[in-house]
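What follows is a set of notes on a single structure, which appears directly below.
Note that the structure is predicted; figures quoted are calculated from it, not measured. Reminder, nothing fancy here: chain letters follow the sequence lines and each chain counts from 1.
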2 protein chains.
Amino acid sequence: MDRPEPADGASTRARIQQVALELFSERGYEATSLREIAERLGVTKAALYYHFRTKEDIVQSLFEDQLAELDALIAWAESQPPTVETRHEFIRRYADLLQRRGHFKVLQFFQRDQLSMQKHQVGATLRSRLIAVQRLLSPPGTPPVVRLRRSLAIIAIHTAWFGLEDPDFTDDVRREAGLEVALELVE
Amino acid sequence: MDRPEPADGASTRARIQQVALELFSERGYEATSLREIAERLGVTKAALYYHFRTKEDIVQSLFEDQLAELDALIAWAESQPPTVETRHEFIRRYADLLQRRGHFKVLQFFQRDQLSMQKHQVGATLRSRLIAVQRLLSPPGTPPVVRLRRSLAIIAIHTAWFGLEDPDFTDDVRREAGLEVALELVE
DNA sequence: GTCTATAAATCGATAGAC
DNA sequence: GTCTATCGATTTATAGAC
């Protein structure tokens with residue numbers, strides 16, 4: 001199944017993914033051409049097509065791991081009673097998920113380029129999962145103000161990671177602040 | 001300065017703006033071609049160029065009014081003492097601004113297509129104004145957790161308008177819920 | 001003010017050599 | 001696995017008739 005890894009470290013495939021996420025995050029998916037990705041990598045456009053069938057395949061590969069982990073987290077939460085303890089534990093696990101392997105970078109790109117992502121299958125799927133998270137925190141019948149607060153709990157974690165400009169904030173500060181505010185919002 | 005208005009109601013210029021915002025909001029700025037805008041309007045592409053010099057001019061015109069009002073609001077807030085009363089009044093005025101003339105629709109488009117908008121002058125300007133709002137609510141020295149809460153106050157108003165899927169929510173419910181949560185977050 | 005026609009550039013994707 | 005070369009489609013924008 002796996003291709004052999006070259007001795008020079010990151011595989012070309014992984015380097016394409018890394019550079020693509022960089023450029024997509026700077027300019028947006030639609031405004032980033034395969035020529036630009038290839039140039040920053042020092043290869044030609046045609047080389048990309050050896051590793052990915054289409055441009056869409058590249059962006060899809062960026063979301064895959066994160067989507068699988070999010071699916072598992074949602075499945076866990078749906079097996080639990082809808083109590084405040086479950087919501088607290090969900091928030092903690094969601095915050096862990098985002099921090100692991102820089103997953104928040106993919107989510108930041110998704111949030112800032114939502115409209116481009118909608119027309120791709122992986123974008124529509126991630127969107128539906130985020131809606132599932134909302135439904136899970138706010139079952140039918142939850143009053144509007146409480147629903148808004150619980151929506152903001154998730155957004156608090158996102159904002160802690162990529163909504164605060166201050167370069168003084170360390171990863172630890174962001175993590176702790178996001179958790180503290182999110183936990184009080186799902187009370 | 002003003003062009004005479006045709007008798008049939010909305011000027012062609014205003015209809016271009018309306019259709020452009022619709023399509024930009026559906027598919028994103030980059031993925032929307034002038035051909036599509038022209039087709040939905042029932043005119044040819046060339047007609048658009050009589051009313052707007054470039055595609056960028058169209059999107060710029062969508063932000064102009066809102067940017068001017070936001071500038072005025074920021075100027076007002078900067079003339080006030082940074083007290084909790086000022087923050088409360090700012091939140092109320094900001095909520096009013098968003099509701100007036102459907103301004104939240106433009107902001108919704110901006111938020112969902114941030115990356116496309118960054119490379120246009122009007123997008124960079126709006127972004128800098130939103131950062132100014134944050135700085136205003138959280139002067140230097142504000143602890144991270146408090147800063148996060150105050151950032152979320154603005155986001156609460158945005159989310160009330162275009163972040164909650166429920167079609168049962170009326171404009172009044174959204175307005176009141178947004179205000180209530182935002183006000184408690186800037187305490 | 002709107003049209004037809006077209007210029008000039010760029011894009012995603014493919015063919016085939018090496 | 002990467003290259004050169006190119007195809008076909010689409011884009012923003014313009015020229016000039018009406």
Query raised in the report: Between A:Arg127 and B:Glu165, is the closest basic N to carboxylate O distance under 4.0 Å?
Result: yes

**Report entry** Near-strand residues of residues 23-39 of chain B, defined as heavy-atom separation under 4.0 angstrom from DNA chain C
**Finding:** none

Report summary line: Separation of C:dT2 atom C1' from B:Ile16 atom CD1, nearest Å, is 11 Å

Report summary line: Rounded to whole Å, NZ of B:Lys55 lies from C1' of D:dT11 at a distance of 8 Å

Query raised in the report: Hey, is CD on B:Glu26 packed in by over 12 heavy atoms from elsewhere, all under 6.0 Å?
Result: yes

Query raised in the report: Picking from B:Val186, B:Thr83, B:Leu179, what satisfies side-chain contact (heavy atoms from CB on, under 4.5 Å) with B:His88?
Result: B:Val186

Query raised in the report: Side-chain donor-acceptor pair under 3.5 Å between B:Ser128 and B:Thr125, yes or no?
Result: no

Query raised in the report: Think A:Thr44 has a side-chain N or O under 4.0 angstrom from the OP1 or OP2 of D:dT2?
Result: no

Query raised in the report: Are OP1 or OP2 of C:dA13 and a side-chain N or O of A:Tyr49 less than 4.0 angstrom apart?
Result: yes

Query - A:Leu48 CG - C:dT14 P separation (whole Å) - result: 13 Å

Report summary line: A:Leu41 atom CG is separated from D:dT2 atom P, nearest whole Å, by 10 Å

Query raised in the report: Does a sphere of radius 6.0 Å around NZ in A:Lys105 hold more than 12 heavy atoms from other residues, nucleotides or ligands, not counting ones at 6.0 Å or beyond?
Result: no

Query raised in the report: The side chain of A:Tyr50 lies closest to which of these nucleotides: D:dA15, C:dA13, D:dT2?
Result: D:dT2

Query - Nearest-neighbour nucleotide for the A:Lys45 side chain, C:dG1, C:dT4, C:dG12 considered - result: C:dG12

Report task. Look at A:Thr12 and D:dT2 and indicate whether a side-chain polar atom (N or O) is within less than 4.0 Å of OP1 or OP2. Result -> yes

Query raised in the report: Is B:Glu36 salt-bridged to B:Arg40, cutoff N-O under 4.0 Å?
Result: no

Requested in this report: Please tell me which of the listed nucleotides, C:dC3, D:dC3, D:dA13, lies nearest to the side chain of B:Ala47?
Outcome: C:dC3

